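These notes concern the structure reproduced below.
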Amino acid sequence: MAQARELMKGSTDSLLLYLLSQQPMYGYQIIKELERKSQGYFRFKEGTLYPALHRLEKSGLLLGKWQLLPGGRQRRYYHITDKGRYILLEKKHQWQDFLVAMNLVLQPTNT
Amino acid sequence: MVTELNRYLDSVRDNLRLDLSSEQEVTSELETHIDERLHELRQAGLSEEEAASTCVKLLGSAKLVARQIYEAHSQGTWRQALLASMPHLLFGLLFALNWWQGIGWLSGTLVLVLAMAVYGWWHGKPAWLFPWLGYSLVPVVVAGLMLLYLPKGWSWVTILLYIPLALWLLYRVTVQTIKRDWLYSSLMLFPVPIILGWFLAVQLEGRFPEFSAERLRDLAPWIGLSFLALAVTAATFIRLRQRWLKVAVLFISGLLTLIMTACYAGGRLGLPAFLLLILILLSLFLTPALLERKIRYCKQSDQ
């Protein structure tokens, strides 16, 4: 699990940008969605999601907007920006190159 | 909300050190998250206390969350960095170009400094405010220096009126700044030992508090350079994310500028005076940090 957490450190931004490129979401929803999509593989301390979201927002990759719910409660929905979509595309390419290279090393018989 | 969760949110709030509106946004967001998680845990059959305890575990360390959010917000823009360095640059220009002798330039600079300090103070105390706030205390220092020239027998004015009033004002401004973040107090006050160093360097030997205008003119380029160093430090401070780096930059730059002051003071700043200035510099970091701890302790005791 600790190794998975280490691997996840470098990929949090890509995961968040990808999820939010599908639809705007709020923090709790992101955690549930990440767990569901990865079949429980991606789990982290929930509080640490917010620093990552705020960092991406400060970098202009996300935009947070408060939305008032019936009953007076508020949720902060995160929207991906154009810059965020561009960076996501770059990160996707980097991941694909990385996976190809890993496969070449770890499964040399396939090549 | 259960006490354990309130304590968690208080701990996040205490360690965030952000401006009030950002702090409110962060805590509201966490509160919403906690409400939703609690609701789900209760529906799964957990008692109120069990749900709160599980929720805190799932969130992770409050201090770590607060530190990471601080780092996400703490890097100011280049515009803010420029604004923070401006008062140092203005005072540097006053000396480097010998404008300090012109009453128009001097009063214009002071009015601008006061206006910026008041504006920043009433607009959420942004990080760029604190260097301006430090210089806005210059009129208080100048008034104190003027009192040194009063005829003998008038020292009671200094003792009874000026010293208590000046100390009270400095204390109030420092405490209000510490409530925002003790590090901003250090950012506000760290030019003090350097200015004090130059003040001692231009004194006429054995005739304190008389100073030599000629000597001040000779030293003007170096005084200007030291203010330029302060400006670069303030801008770097605003652009850095990590807290420990901000502390390191302020302290190391303050120390190097003090060494530069001592080198160019041409022997006027002896070893005892130099060591005293280093001690003042150190206390400008330690005192605000300790005061903040005391203020928090008092706040917690009151609750």
Side-chain angles (χ1 to χ4, degrees), chain A residues 1-2 4-6 8-10 12-13 16-17 19-20 24-36 40 42-79 81 83-84 87, chain B residues 1 5 8-9 11-13 15-19 21-41 43-44 51-52 54-78 80 127 238-243:
Chain A
M1 197 61 210
R5 208 171 290 149
E6 276 306 306
M8 201 179 154
K9 264 186 192 170
T12 310
D13 291 2
L16 293 177
L17 288 174
L19 283 180
L20 295 168
M25 287 186 219
Y26 56 96
Y28 191 68
Q29 188 185 6
I30 294 172
I31 283 170
K32 302 302 283 180
E33 196 62 12
L34 204 56
E35 253 183 66
R36 190 183 66 78
F42 288 133
R43 270 192 201 152
F44 50 92
K45 291 289 180 192
E46 294 177 6
T48 59
L49 168 74
Y50 294 95
L53 288 170
H54 285 233
R55 186 169 37 77
L56 290 172
E57 190 182 6
K58 282 274 166 188
S59 311
L61 309 185
L62 298 180
L63 183 66
K65 286 180 187 170
W66 285 100
Q67 200 169 306
L68 197 62
L69 304 173
R73 283 202 325 174
Q74 281 199 106
R75 273 188 193 141
R76 193 151 203 259
Y77 280 84
Y78 288 90
H79 301 247
T81 60
K83 188 179 170 189
I87 297 289
Chain B
M1 205 178 276
L5 287 165
Y8 185 89
L9 283 173
S11 177
V12 171
R13 209 173 282 123
N15 290 285
L16 268 180
R17 296 186 166 98
L18 299 178
D19 60 275
S21 68
S22 305
E23 185 187 293
Q24 277 167 352
E25 285 216 338
V26 170
T27 44
S28 298
E29 199 173 16
L30 283 174
E31 269 171 7
T32 313
H33 181 103
I34 288 170
D35 283 346
E36 307 218 18
R37 181 52 93 189
L38 277 181
H39 180 69
E40 192 187 293
L41 291 168
Q43 278 194 329
T54 310
C55 190
V56 166
K57 267 189 208 137
L58 287 170
L59 282 165
S61 155
K63 279 188 182 173
L64 179 72
V65 172
R67 183 170 61 80
Q68 289 183 346
I69 293 179
Y70 169 83
E71 283 175 10
H73 285 259
S74 63
Q75 188 186 40
T77 59
W78 283 109
Q80 288 168 333
I238 298 288
R239 291 291 299 162
L240 287 171
R241 277 181 202 275
Q242 284 91 354
R243 207 170 162 73

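So that the names make sense, note that chain A is the first sequence line, chain B the second, and so on, each numbered from 1. Nothing here was measured: the structure is a model prediction, and the numbers come from that model.
For A/K32, the NZ atom counts as densely surrounded, since its 6.0 Å shell holds more than 12 non-hydrogen atoms of other residues, nucleotides or ligands.
A pairwise comparison of heavy atoms in A/T48 and B/V65 identifies N-CG2, 4.1 Å as the closest pair. Minimum heavy-atom separation, B/I69 to A/P51: CG1-CG, 3.6 Å.
Here the rule is salt bridge (charged side-chain N to carboxylate O under 4.0 Å, His left out) with A/R75, and of B/E36, B/E29, B/E31 only B/E36 fits it.
Of the two parts of B/R37, the backbone and the side chain both hold a non-hydrogen atom closer than 4.5 Å to a non-hydrogen atom of chain A. Only the backbone of A/Q74 comes within contact range of chain B, with heavy atoms under 4.5 Å apart.
In this structure, B/T32 contributes its side chain and A/R73 its backbone to no donor-acceptor pair below 3.5 Å.
Side chains of B/Q68 and A/Y50 form no contact here, defined as non-hydrogen atoms less than 4.5 Å apart. The side-chain heavy atoms of B/V26 and A/H54, taken from C-beta on, include a pair separated by under 4.5 Å.
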- When you look at A/I31 and B/H33, which way does the side chain to side chain contact (heavy atoms under 4.5 Å, CB included) test go after all the steps? CA-CA 10 Å; A/I31 283 170; B/H33 181 103; 3.5 Å; yes
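A salt bridge links A/R76 to B/E25: one of the charged nitrogens lies within less than 4.0 Å of a carboxylate oxygen.
Here OG1 of B/T77 is found 9.0 Å from NZ of A/K58. Values are rounded to the nearest 0.5 Å. Here the NZ-CG distance, from A/K45 to B/L58, works out to 7.0 Å after rounding to the nearest 0.5 Å.
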